[in-house]
Amino acid sequence: MEWVKWDIQEDVALLIMDHNVENRFSGDFTKEIRQALAEIANNGYAKALVITGAHEKFFCNGLDLDWMNQQDHNIVIDFLYDISHLLRDTAIFPKPLIGAINGHAFGMGAIWSSGFDFRIMREDRGWVCFPEMDINIPFWPGMIAICEHGLGKRLFREMAWTAKRYGGAEAVDIGWARQALPREELISAAMEFASFMAKKAQPAFAVTKRRWAKAVVDVIEEQDPEAIRSSI
């Protein structure tokens with residue numbers, strides 16, 4: 001894979017995204033993330049997963065609109081289906097999934113990471129933000145479902161309607177992030193917590209997670225296709 005690298009450190013997989021600095025979602029980059037998630041889900045040595053970005057400023061800055069504008073209609077539709085399926089993959093990922101949010105998480109980057117089991121942010125740099133209401137982009141049903149699933153309706157409503165930017169300390173205060181730490185402590189803390197979570201019993205964790213996320217999967221599979229087609 002070109003933009004996604006992962007390896008296993010003891011019993012935890014560390015996935016690092018390195019796509020044009022901002023890690024904006026484009027076609028092949030999204031496919032690489034989905035492929036890596038599938039590989040780690042099926043790897044018997046990886047008991048938990050940490051996802052982070054390679055550069056200081058960005059975790060994931062949403063959809064790559066410049067790339068999308070250069071594609072024909074059918075390629076964009078297929079790409080957005082892939083994004084929807086990535087949200088489904090994340091909701092039912094069978095092992096503990098921790099985000100080490102090393103920089104900005106905007107738009108689809110914030111939506112995707114809201115579906116992780118836990119998030120740890122940098123305290124000194126990076127915002128999480130759903131800017132959709134400021135830029136006139138409606139949420140798909142699956143986006144709403146995974147954010148409400150990961151954050152609860154009240155918190156997601158506040159973040160989505162206001163489109164406010166939250167730094168690390170504020171994100172902890174509202175409940176989006178579990179911790180906010182200095183940059184030099186972020187990965188080690190995420191890996192340590194993931195190692196703790198890796199001890200949780202299987203298949204109980206995976207079965208419970210899939211059952212808990214069933215409503216999210218149903219919405220993504222039944223409602224997102226029409227929402228995506230009508231949005232293009």
Side-chain angles (χ1 to χ4, degrees), residues 3-4 6 13-38 40-41 49-55 58-65 67-68 79-122 126-132 135 137-152 155-156 159-160 163 165-166 171 175-178 190 209 213 216-217 219-221 224 227-228 231:
W3 300 298
V4 175
W6 66 272
L14 175 63
L15 186 156
I16 300 175
M17 303 178 293
D18 188 2
H19 182 245
N20 299 333
V21 179
E22 295 187 24
N23 293 320
R24 288 183 178 267
F25 290 112
S26 61
D28 288 343
F29 177 51
T30 304
K31 291 183 185 301
E32 286 194 8
I33 295 175
R34 293 192 65 205
Q35 178 184 340
L37 289 180
I40 296 166
L49 169 61
V50 171
I51 298 179
T52 195
H55 300 280
F58 295 96
F59 173 77
C60 178
N61 205 22
L63 298 178
D64 189 337
L65 299 180
W67 176 87
M68 291 174 64
F79 162 64
L80 295 179
Y81 286 161
D82 241 7
I83 289 289
S84 180
H85 292 155
L86 173 62
L87 299 183
R88 180 197 61 196
D89 298 345
T90 301
I92 59 175
F93 185 76
K95 301 170 183 181
L97 198 172
I98 293 91
I101 312 299
N102 56 290
H104 300 317
F106 268 66
M108 188 58 73
I111 292 165
W112 177 46
S113 52
S114 292
F116 296 175
D117 296 314
F118 301 95
R119 292 158 295 277
I120 301 174
M121 287 185 71
R122 281 179 60 175
W127 289 302
V128 55
C129 177
F130 302 116
E132 282 75 10
I135 57 178
I137 296 179
F139 288 87
W140 305 336
M143 296 176 185
I144 296 170
I146 196 169
C147 288
E148 288 186 346
H149 176 69
L151 307 177
L155 175 54
F156 178 56
M159 295 180 72
R165 300 179 178 188
Y166 297 88
W176 191 85
R178 187 174 191 271
K209 191 169 181 181
V216 177
V217 173
V219 168
I220 288 172
E221 293 182 346
D224 268 7
I228 289 169
S231 69

Exercise: identify the closest heavy-atom pair between L155 and L151: CB-O, 3.6 Å
Do side-chain atoms of H85 reach the backbone of Y81 as a donor and acceptor pair under 3.5 angstrom? yes
Can you list the residues that meet the side chain to side chain donor-acceptor pair (under 3.5 Å) rule with E22, with sequence neighbours excluded? R24, N61
Pairwise distance CZ(F59) to CE(M17) - rounded to 0.5 angstrom: 4.0 Å
Please report the shortest heavy-atom distance between C129 and A163, naming the atom on each side. SG-O, 3.4 Å
Side chain to side chain donor-acceptor pair (under 3.5 Å) partners of Q35, counting only residues at least two apart: E39
Residues in ring pair (Phe, Tyr, Trp, His ring centres under 6.0 Å) contact with F118, at least two apart in sequence or another chain: F193
Listing request: all salt bridge (Lys or Arg N to Asp or Glu O under 4.0 Å) pairs with a residue in residues 104-118, at least two apart in sequence or in separate chains. D117-K209
Residues G142 and V219: closest non-hydrogen pair is N-CG1, 3.8 Å
Taking every heavy atom of C60 against every heavy atom of N23, the minimum-distance pair comes out as SG-O, 3.1 Å
Could you tell me which residues satisfy side chain to side chain donor-acceptor pair (under 3.5 Å) with W112, sequence neighbours excluded, listed by chain and number? T90
For E32, enumerate each residue passing the side-chain contact (heavy atoms from CB on, under 4.5 Å) test, keeping only those at least two apart in sequence or located in another chain. M1, E2, W3, V4
Set out, in order, the CA-CA distance, both residues' side-chain angles and the distance that settles side-chain contact (heavy atoms from CB on, under 4.5 Å) for M159 and Y166, then state yes or no. CA-CA 9 Å; M159 295 180 72; Y166 297 88; 3.9 Å; yes
Value for CG (L87) from NE2 (H149), rounded to nearest 0.5 Å, stands at 12.0 Å
S84-D224 side chain donor-acceptor pair, cut-off 3.5 Å: yes
Applying side-chain contact (heavy atoms from CB on, under 4.5 Å), can you list everything that pairs with A54, at least two apart in sequence or on another chain? I16, D18
Roughly how far, to the nearest 0.5 Å, is the CH2 atom of W176 from the SG atom of C147? 9.5 Å
Could you please spell out the steps behind the side-chain contact (heavy atoms from CB on, under 4.5 Å) verdict for M68 and L63? CA-CA 8 Å; M68 291 174 64; L63 298 178; 4.1 Å; yes
Between E132 and I111, is a side-chain contact (heavy atoms from CB on, under 4.5 Å) present by the stated rule, with each step listed? CA-CA 11 Å; E132 282 75 10; I111 292 165; 3.8 Å; yes
In terms of heavy-atom contacts, S113 and R119 come closest through O-NH1, 3.0 Å
Which atom of F130 lies closest to which atom of A160, heavy atoms considered: CD1-N, 4.1 Å
Residues passing the ring pair (Phe, Tyr, Trp, His ring centres under 6.0 Å) test with F139, sequence neighbours excluded, are F156
Supply the atom-to-atom distance S231 OG to L80 CG, rounded to the nearest 0.5 angstrom. 6.0 Å
Can you name the salt bridge (Lys or Arg N to Asp or Glu O under 4.0 Å) partners of D82, sequence neighbours left out? K31, R34
Worked verdict on N20 versus F29 for side-chain contact (heavy atoms from CB on, under 4.5 Å): CA-CA 10 Å; N20 299 333; F29 177 51; over 6 Å; no
Taking the six-membered ring for Trp, is the centroid-to-centroid distance between W67 and F79 below 6.0 Å? yes
First locate atom CG of L37, then atom CG of L86, and finally report the distance between them rounded to the nearest 0.5 Å. 6.5 Å
Could you check if a side-chain atom of T30 sits within less than 4.5 angstrom of a side-chain atom of F25, using non-hydrogen atoms only? yes
In residues 91-108, what donor-acceptor pairs under 3.5 Å come from side-chain atoms, sequence neighbours left out?
| unit_1 | atom_1 | unit_2 | atom_2 | d |
| --- | --- | --- | --- | --- |
| K95 | NZ | I40 | O | 2.8 |
| K95 | NZ | A41 | O | 3.2 |
| K95 | NZ | N43 | O | 2.6 |
| K95 | NZ | A46 | O | 2.7 |
| N102 | OD1 | T52 | OG1 | 3.2 |
| N102 | OD1 | G53 | N | 2.8 |
| N102 | ND2 | H55 | O | 2.5 |
| N102 | ND2 | F58 | O | 3.0 |
| H104 | ND1 | W127 | N | 3.0 |

Find the distance between CH2 (W6) and CG (L14) and round it off to the nearest 0.5 Å. 11.0 Å
